[in-house]
Engineer: 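Take a look at the following structure, please.
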Amino acid sequence: MKPLARPGPLAAVLFLAALVLHPALRSEAWLPERTLALAAACLLAAVALLARAMEALPGKRLSPWLVAAGGLLVLGAAGWDRVRGQEGTLTLVEGQSRPHFDERDPGGRALGLRPLGFVIGVERLLPGGGVALALPGQKGPVELTADRAVVFGGFRFARPHAVPTGGATRLRIGVSDGKETLTTDVGPGQPGRAGDLAIALEEYFPDFELDEKRQPFSRSNEPRNPAALLTVTRAGQTHRVFVLRAMPGIHQVAGLDRSFALLDVEPEQSVEMTVHREPAAAIALLGVVLALVGVAAGLDPAPRPSSASVRREAD
Amino acid sequence: VDALAALAAAAAAAGLLWSVRERRAAAGDPLTPALAAGGLLTALLLAVDHGSVLSGGFGAGAGPARAAVPGVGVLLGVALLSALAGSLLLGAQRFAGGAEGTRGAAVGLLWAAVLAAAVGVAFALVSLAPWAGESPASGATALLGLAAAAAALATALLEARRPSSTAAAVAAGRALLWTRIAAGLAVLTTLVAGADGFLRQGTYGTATTLASDSAALLGLAALEPTLLASTRRLVFLASLLGVILSGG
């Protein structure tokens, strides 16, 4: 312990921990076993601070002891939250409820579904990106916004943002016979009519593309190149019509004498929010407060030379 | 978080400057800061009011709204000549080596520059007071810059009068004090960043908190009385600036 209490090794150990910890240095990219290395560096730093406190001169022990105690508490709390805490995401569409969330480890790997112990739902989407959450035992909906997390059942729900599901709630279809254009809205299970035509949505592709076998698929859930396969019925005869927003009238169907265009798409949105459970957060807070008091307790308003400068003067 | 990190960075910068001054006082020429401050005052006197000090005049504002302040140009002209002569003498003495006799003359000239600049600035500010809020008063900014440069030169000259060992000891103490203040503010930044993350993002483990944690550790490392003090304080300052730039 004694060598670690010396200023040189102590500064080196603190510097090393700071280096591994700093997010901008992206140590996870170049440091093998980064989690282990981070834990080791932080533990070494805490032990070095403790050693410094033990070696401090009588009458000057308060500051180093408080800093060491604070460091140990923060390290212990962060480690406990890492091991016993949970984090992940919860994705819900309007009106949907779930009793679990998608857990992932601190490295971002999916760990599967983790039960919440209660059912949480999205009552409605709010303007500005927030959501009104439906929580058990609450009189009304609880608003979750980008600026305020919601705590319930030991979990904290935060940072709601809209995510396209890959579906569409409404497609606006234009039907033209060359003289006039009629429009109608269709959606899943909600057919529309344009004159004597009944139009129903069969399949929707938000980001249409053809694979090697010329089969349609969607590259993503984002509505970058929306297209749809429609079922058009007239006088008991059914036709399949393909529409692509980027190319109106691409599909001419024999016997219908009409051209079809996908004019507009209202994508179906879900809300994704983060979920965290950090049972030792209060202990981490206490540790930082202790460290702060420790640093403040070491403040000496009377300017005095450091021991290094005294040594230099002596030389 | 940004404001706290900025305060911590300012304190860390003060600690770094005192640290550099400690090294210079222990090993170098105590008049180097005076030489730099004299050069700065000379440059400002040349630049103020578009160089009108060179012709013995001074005024504020432009065009029809310009207000000439008689007498100030002469005082600032004296300050310019004294600061230029004092700085050149000090510089020449440093290049030539030795010639201790010229140091006294240089210091005297620099004090004369401080005095002339202070009187000139005070007189100009009093003369421009009636135009407060109008166009000529905008020249007061340049005058305040001159006053700051003259104050810096006076401080440097006073510091140079201390024995080098005393100056180094005082600088070391102040460097430690400011670095400790900065380290405390860095820990406070961590506290606020963690609480902010917890309340708004649901977790205290945000990138801002980690960056603040890292800066606080570097602050503690910068407090240790060991090798590379200035370098450690520079890294600490850089880490605090990183917290601000990352949009804490």
Side-chain angles (χ1 to χ4, degrees), chain A residues 6-8 10-15 17-19 21-25 45 49 67 70-71 74 78 81-82 87 106 146-151 155-159 273-276 278 281 284-285 288-289 291-292 294-296 298-313, chain B residues 18-19 22-23 25-27 164-165 168-177 180-181 183-188 190-191 194-195 197-211 213-229 232 235-236 239 242 245-246:
Chain A
R6 289 182 189 152
L10 177 58
V13 164
L14 291 170
F15 193 87
L19 191 75
L21 191 63
H22 204 294
L25 298 176
L49 288 172
V67 172
V74 171
D81 281 340
R82 188 101 175 174
E87 63 178 288
D147 287 333
R148 192 176 70 89
V150 166
V151 59
F155 291 92
R156 297 189 78 85
F157 304 90
R159 288 189 286 172
M273 64 194 89
T274 59
V275 185
H276 287 94
E278 290 168 337
L285 178 73
V288 180
V289 170
L292 177 62
V295 174
L299 277 175
D300 185 357
R304 272 181 297 175
S306 65
S307 56
S309 69
V310 169
R311 271 203 306 279
R312 199 155 49 223
E313 291 293 329
Chain B
W18 280 109
S19 191
E22 175 203 356
R23 290 182 60 175
S164 67
S165 59
V170 169
R174 286 183 185 165
L176 190 62
L177 176 68
R180 190 169 275 277
I181 290 171
L185 286 169
V187 177
L188 187 60
T190 298
L191 181 70
F198 194 67
L199 295 173
R200 294 172 67 169
Q201 300 187 41
T203 174
Y204 61 84
T206 62
T208 308
T209 312
L210 292 180
D213 279 345
S214 181
L217 287 171
L218 289 172
L220 293 177
L223 286 173
E224 292 305 310
T226 184
L227 300 171
L228 302 171
R232 282 181 284 123
V235 173
F236 175 39
S239 71
L245 291 177
S246 67

Engineer: Mind checking what makes salt bridge (charged side-chain N to carboxylate O under 4.0 Å, His left out) contact with B:Arg200, not counting sequence neighbours?
Structural biologist: A:Asp147, B:Asp196
Engineer: Taking the six-membered ring of A:Phe15 (Phe, Tyr or Trp), confirm whether the NZ or CZ of B:Arg232 is under 6.0 Å from its centre and within 45° of its axis.
Structural biologist: no
Engineer: Answer yes or no: is there a side-chain heavy-atom contact under 4.5 Å between A:Pro7 and B:Pro225?
Structural biologist: yes
Engineer: Using a distance-only test with no angle check, is there a side-chain donor-acceptor pair under 3.5 angstrom linking A:Thr274 and B:Gln201?
Structural biologist: no
Engineer: Looking at A:Ala11, A:Ala158, A:Gly71, A:Gly294, which has the largest count of heavy-atom pairs under 4.5 Å with chain B?
Structural biologist: A:Ala11
Engineer: By a 4.5 Å heavy-atom criterion (distance strictly below it), what part of B:Ile181 contacts chain A: side chain, backbone, both, or neither?
Structural biologist: both
Engineer: Given the options B:Thr190, B:Leu185, B:Leu188, which has more heavy-atom pairs under 4.5 Å with chain A than any of the others?
Structural biologist: B:Leu188
Engineer: Is chain B contacted by the side chain of A:Ala24, its backbone, both, or neither, given a heavy-atom distance below 4.5 Å?
Structural biologist: neither
Engineer: Mind checking the CG-CZ spacing from A:Leu14 to B:Phe236? Nearest 0.5 Å is all I need.
Structural biologist: 12.0 Å
Engineer: Return the option, out of B:Leu217, B:Leu191, B:Thr203, with the maximum number of heavy-atom pairs under 4.5 Å with chain A.
Structural biologist: B:Thr203
Engineer: Which answer fits A:Ala12, side chain, backbone, both or neither, if we ask what part of it has an atom under 4.5 Å from a heavy atom of chain B?
Structural biologist: neither
Engineer: Which bit of A:Val67 is near chain B, if near means a heavy-atom gap under 4.5 Å: side chain, backbone, both or neither?
Structural biologist: side chain
Engineer: Looking at residues at least two apart in the chain, or sitting in another chain, which of them share a ring pair (Phe, Tyr, Trp, His ring centres under 6.0 Å) with A:Phe155?
Structural biologist: A:Phe101
